[in-house]
Structures are given as structure tokens and as C-alpha cells.
Amino acid sequence: MDPTHAAIIVGMGLVSYLIRALPQLFLAGRSFPDAFERYLRYISYAIIASIVSTSLFVSGGRFDAVEAPHRGLALAAAVLVASWSKKPLLGMMAGTLLAQLLPRLG
């Protein structure tokens, strides 16, 4: 992965974490409505997924049709592992590993 893409992903991850953390830091001790709780819980995952999925399938400003099947399978595996284990980090690690291994196998 291009270092620029990695820096963007990490930066967006930090921003999305701050979006979740700052309201809880400033409003400690207060309860939030259920809808806001769900928003805070899933917003960072949604932002990171949008960035990662775009960089998975686009290279040099164009859709990368050669790598798309491997990367799509790795993305599906990451989602399944994260959903099954309830651990997003485990899903990301599984998807990354599969994305690195599949092109070498095929």
C-alpha cells in the first residue's frame, strides 16, 4: 500500500475516533439517546470502511479489474470474521492477510 494511502487511512481513523470520543469526554456522566449511541458506535467503522473500500478497488484513478476479485474476497472475509468474532481488528487483520496472500496464490 502506498504510504500516502496509509497516512490518509490512519488520519481518518484518528478523526473518526475523535468524533466518537469528544462528546463522551465533554458530556461525561450524561446518558445519550439510543440513536446517538448507535451513531457514535458505528461512525468510525463507516468512515474507515469507505476509505479502505475505495482504495481497495481503485489504483491510479482507475478501477483495478485484475486485483478486484482478490480484494473483494479479502473484504468479504474481513467482514465475515469481524461479524462472527465481534472483533473488528481481527477482521481487519484477516482481510489484510488474505489480500496479501491471494495474488501470490493465483
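Any value given below was found using the heavy atoms of this structure, including those in side chains, with hydrogens, waters and symmetry copies removed. Counting begins at 1 with the first residue of the sequence.
Here the CZ-CG distance, from Arg71 to Leu102, works out to 11.5 Å after rounding to the nearest 0.5 Å. Once rounded to the nearest 0.5 Å, the distance linking OH of Tyr17 with CG of Leu22 reads 9.5 Å.
The two residues Pro103 and Leu98 make their nearest non-hydrogen contact at CD-O, 4.4 Å. The minimum heavy-atom distance between Ala99 and Ala74, with the atom names listed, is N-CB, 3.6 Å. The shortest heavy-atom contact between Gly95 and Ala78 is CA-CB, 3.7 Å. Across all non-hydrogen atoms, the minimal contact from Ala68 to Phe63 is CB-CZ, 3.6 Å.
Residues Leu97 and Met93 do not share a hydrophobic cluster, clusters being chains of Ile/Leu/Val/Met/Phe/Trp/Tyr side chains in contact below 4.5 Å. Both Tyr39 and Val15 belong to a common hydrophobic cluster when Ile, Leu, Val, Met, Phe, Trp and Tyr are linked at side-chain heavy-atom distances under 4.5 angstrom. One hydrophobic cluster holds both Ile8 and Phe57 under the rule that ILVMFWY side chains link at heavy-atom gaps under 4.5 Å. Taken together through direct or relayed side-chain contacts under 4.5 Å among Ile, Leu, Val, Met, Phe, Trp and Tyr, Leu75 and Met12 form part of one hydrophobic cluster.
The local environment of CZ in Phe36 is crowded, with over 12 non-hydrogen atoms from other residues, nucleotides or ligands closer than 6.0 Å.
Alongside Leu14, the hydrophobic cluster contains Val10 (criterion: ILVMFWY side chains under 4.5 Å).
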